Amino acid sequence: MMIKLDPDRPLDQERLLAVMGCDADAIIIGGTQGITGQKINDLWEEIKPFPGRKIIEITGAECLVEDADEYWVPIVLNSTDPKWILGAHAKAIQQVNRWNGLSLPGNVFPVGYIVLNPESAVAVCTEANTQIDDDHMTGLAQVGHLLFRVPWIYIEYSGSFGSMDRLARLSGKIPAIPLIYGGGIKRGWQAKQAAQFARVVVVGNLVYESENLEADLREIRHAVRRD
Ligand SMILES: CC(C)=CCC/C(C)=C/CC/C(C)=C/CC/C(C)=C/CC/C(C)=C/CC/C(C)=C/CC/C(C)=C/COP(=O)(O)OP(=O)(O)O
Ligand SMILES: O=P(O)(O)OC[C@@H](O)CO
């Protein structure tokens, strides 16, 4: 289980402690809307003192904070606008080159998103084609992982619990491709289903909406535990 924190949403101390104490495999900082360097920095400073793996999802040059364990760079494989596949990246990397020379640190990894909830901000922002059929989705995952060598394919239903039948069919066709699932995980049974087909399950909105976050995260953690 990984937890995605949104720099654009306030997180009180109690929630922060529940997140940092729930034995997540990693904490990801990332989001689509209202992201500024200041907000990323503020959240980073809050989570930095805690042990555990911390990942920054880079959606622009302003997201660069130092000392993260990993930096994930999203590529929206089903975007209809090349900007979100490589255009924004080409611009941002030139800016990074100016600060950091021509090489990228070894802990920067692309992540191939397939965005499937048409109502989500990320689908709207990237003009994702969310109406793809199973074969198309499989092809995108294969191109991402086998051809572009993207280490992770992220099945993104952000804001809604997605189709586990689809996820099962996808993972059945391409069992060797490491999948991340995110979207609408609120209960243990949902996380357990998703974890049957995806190596990583991501929890997002629940962090801000749960009325008993510590217990909810414990339930989800327990549901996805593989040992
Ligand atoms: C020294 C040092 C720190 C070095 C680091 C160097 C480094 C990391 C260099 C990277 C350089 C590089 C190539 C950067 C590219 C940056 C860039 C412009 C990427 C574009 C990313 C992209 C496709 C963005 C659009 C889509 C998007 C926002 C994806 C984010 C992930 C996502 C699905 C979020 C969902 O958010 P959420 O808010 O939960 O959901 P809603 O949709 O409901 O809002
Ligand atoms: O906020 P939720 O719907 O849990 O989604 C989590 C994550 O996949 C968002 O990128």
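Start at 1 and go down the list; that is how both ligands and their atoms are numbered. In this text the structure is predicted, and so the values were computed from the model without any measurement.
- Of the listed residues (Trp84, Trp72, Tyr154), the one carrying the non-hydrogen atom nearest atom 24 (C) of ligand 1 is Trp84.
- Nearest protein heavy-atom contact of atom 7 (C) of ligand 2 is Tyr154 OH, 3.3 Å.
- With a 4.0 Å heavy-atom cut-off, ligand 1 is reached by the side chain of Val73 but not by its N, CA, C or O.
- Of all heavy-atom pairs between Tyr154 and Tyr181, the closest is CE2-C, 4.4 Å.
- Take Glu219 and apply the side chain to side chain donor-acceptor pair (under 3.5 Å) test, not counting sequence neighbours, and it matches Arg187.
- Where the criterion is an N or O separation shorter than 3.5 Å, residue side chain and backbone included, Gly159 meets it with respect to ligand 2.
- Protein heavy atom nearest atom 10 (O) of ligand 2, with residue, atom name and distance: Glu156 OE2, 2.6 Å.
- With respect to the salt-bridge test (charged N to carboxylate O, under 4.0 angstrom), the residues Glu209 and Arg9 qualify.
- Using a non-hydrogen distance threshold of 4.0 Å, Gly159 does not register as a contact of ligand 1.
- The distance criterion of under 3.5 Å between nitrogen or oxygen atoms is not met by Tyr157 with respect to ligand 2.
- With a heavy-atom cut-off of 4.0 Å, Tyr71 touches ligand 1 through its side chain alone.
- Atom 4 (O) of ligand 2 has as its closest protein heavy atom Gly204 N, 3.0 Å.
- Between Asp69 and Arg53, no side-chain nitrogen of the basic residue sits less than 4.0 Å from a carboxylate oxygen of the acidic one, so the salt-bridge criterion is not met.
- Ion pairing between Lys173 and Asp135 holds under the 4.0 Å rule for side-chain N and carboxylate O.
- Remark: ligand 2 and Ser158 share no N or O pair separated by less than 3.5 Å (distance only, no angle test).
- Closest of all the heavy-atom pairs between Asp6 and Gly31 is OD1-CA, 4.4 Å.
- Put simply, the side chain of Thr80 never gets that close to the backbone of Asn129: no donor and acceptor are under 3.5 Å apart.
- Where the criterion is an N or O separation shorter than 3.5 Å, residue side chain and backbone included, Val203 fails it with respect to ligand 2.
- In this structure, Gly204 falls outside the shell of residues with a heavy atom less than 4.0 angstrom from ligand 1.
- The part of Thr126 lying near ligand 1 is the side chain, judged by heavy-atom distances below 4.0 Å.
- Look at Arg225 and Asp23 and you find a salt bridge, because one of the NZ, NE, NH1 or NH2 atoms lies within 4.0 Å of a carboxylate O, short of that distance.
- Under 4.0 angstrom from ligand 1, there are no non-hydrogen atoms of Ser79.
- Among protein heavy atoms, atom 1 (O) of ligand 2 sits closest to Asn205 N, 2.8 Å.
- Residue contacts with ligand 1: Leu64 is placed with no nitrogen or oxygen under 3.5 Å of a nitrogen or oxygen of the ligand (distance criterion only).
- For Lys39, the side chain to side chain donor-acceptor pair (under 3.5 Å) criterion is met by Asp8, not counting sequence neighbours.
- Lys54 and Glu70 are not joined by a salt bridge, as no carboxylate oxygen comes within less than 4.0 angstrom of a charged side-chain nitrogen.
- When Ser158, Gly34, Ala92, Ser120 are ranked by how near their heavy atoms come to atom 39 (O) of ligand 1, first place goes to Ser158.
- Ligand 1 has no nitrogen or oxygen under 3.5 angstrom from a nitrogen or oxygen of Lys4.
- A heavy-atom separation below 4.0 Å is found between Val65 and ligand 1.
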